[in-house]
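What follows is a set of notes on a single structure, which appears directly below.
Hydrogens, waters and symmetry mates are skipped; everything else that's a heavy atom, side chains included, is used.
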Amino acid sequence: MTDEKTIEVYNQKAASYDDLVSRDAPDQDLQAFIDAVKPGGHVLDLGCGPGNSAAMMQEADLTADAMDASAEMVRVARDKYGVDAKHATFDDLTADSVYDGIWANFSLLHATKSDMPRYLKAIHTALKPGGIFHIGTKLGMDEERDSIGRMYSYYEADELLDLLKAAGFTPRTPRFGRDKGLSGEMADFIVVLNDA
């Protein structure tokens with residue numbers, strides 16, 4: 001993510017976002033990811049936010065790297081959750097066959113649609129053969145800002161699945177839901193676990 005307005009919203013609202021998304025135990029999606037990654041595997045939380053998920057990956061005996069474009073989110077991850085998060089954008093992912101799993105939970109939806117194919121390709125390259133990739137994004141058709149100024153790219157389910165396949169992934173059965181985000185607005189979403 002390189003949209004400065006979106007990054008600034010997350011810098012300003014890091015504590016509120018932490019309160020919204022953090023929990024004491026993995027939710028069903030994070031647990032499915034942890035279970036799918038080989039025991040003791042090396043994983044990346046791409047767009048880690050406050051770092052709560054990366055911390056739970058570490059508690060599950062995974063080696064977890066974490067990165068986020070928001071400096072304040074990186075600070076929360078380090079100070080509150082003990083995660084050695086890096087201040088970096090999606091463009092900084094240049095690893096090759098390093099990770100057993102990559103977790104991008106409602107982070108890549110801030111990338112432009114034109115950038116998404118190359119980011120997915122970079123993720124595929126960063127994974128070891130047989131690696132696991134989790135993506136969560138909101139459902140829809142447009143690119144637009146939400147009520148608090150964050151830029152979003154929305155995807156229809158088939159559109160997202162086609163992008164994943166084009167990048168070399170084999171998607172598993174998607175999960176659909178509806179939830180309230182940081183803006184207070186309800187939104188439909190899709191979560192997909194993929195094999196590399």
With distance as the sole criterion, is a donor-acceptor pair present between the side chains of [X] and [Y] under 3.5 Å?
X	Y	result
Asp115	Thr112	yes
Tyr10	His110	yes
Asp27	Gln31	no
Thr137	Tyr152	no
Ser53	Asp45	no

Tell me if a side-chain donor or acceptor on [X] pairs with a main-chain N or O of [Y] at a distance below 3.5 Å.
X	Y	answer
Asp92	Thr89	yes
Ser22	Asn52	no
His124	Ala196	no
Asp188	Arg178	no

Which atom of [X] lies closest to which atom of [Y], heavy atoms considered:
X	Y	answer
Leu193	Ala36	CD2-CB, 4.0 Å
Met56	Ile34	O-CD1, 4.2 Å
Leu93	Ala126	CD1-CB, 4.1 Å
Leu139	Glu156	CD2-C, 4.2 Å
Ala104	Phe133	CB-CE1, 3.8 Å
Pro171	Leu164	CG-CB, 4.1 Å

Taking [X] first and then [Y], would you say they form a salt bridge - that is, a charged N and a carboxylate O separated by under 4.0 Å?
X	Y	value
Glu159	Lys113	yes
Arg175	Asp29	yes
Lys86	Asp65	no
Asp96	Lys128	no
Arg118	Asp91	yes
Arg75	Glu72	yes

Met186, CE: over 12 other non-hydrogen atoms inside 6.0 angstrom: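 Counting other residues, nucleotides and ligands, CE of Met186 exceeds 12 neighbours.
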Linked, directly or transitively: Ile132 and Val98 (ILVMFWY side chains, under 4.5 Å):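 In one cluster: no.
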Joint cluster assignment, Leu120 & Ile190, ILVMFWY side-chain distance < 4.5 Å: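 Yes, Leu120 and Ile190 fall within the same hydrophobic cluster.
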The single option from Val37, Val43, Ile135, Ile123 passing side chain to side chain contact (heavy atoms under 4.5 Å, CB included) against Ile102: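 By the side chain to side chain contact (heavy atoms under 4.5 Å, CB included) criterion, Ile102 pairs with just one of Val37, Val43, Ile135, Ile123: Ile123.
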Lys80 vs Asp18 side-chain heavy atoms within contact, under 4.5 Å: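 A side-chain contact under 4.5 Å exists here.
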Full working for ring-ring contact (aromatic ring centres under 6.0 Å, His included) between Phe176 and Phe189: CA-CA 6 Å; Phe176 298 92; Phe189 66 81; 8.6 Å; no
Steps toward salt bridge (Lys or Arg N to Asp or Glu O under 4.0 Å) verdict (Asp3, Arg145): CA-CA 11 Å; Asp3 181 72; Arg145 293 193 186 276; 2.9 Å; yes
Derivation of the side-chain contact (heavy atoms from CB on, under 4.5 Å) call for Leu30 and Trp103: CA-CA 8 Å; Leu30 181 55; Trp103 171 263; 3.7 Å; yes
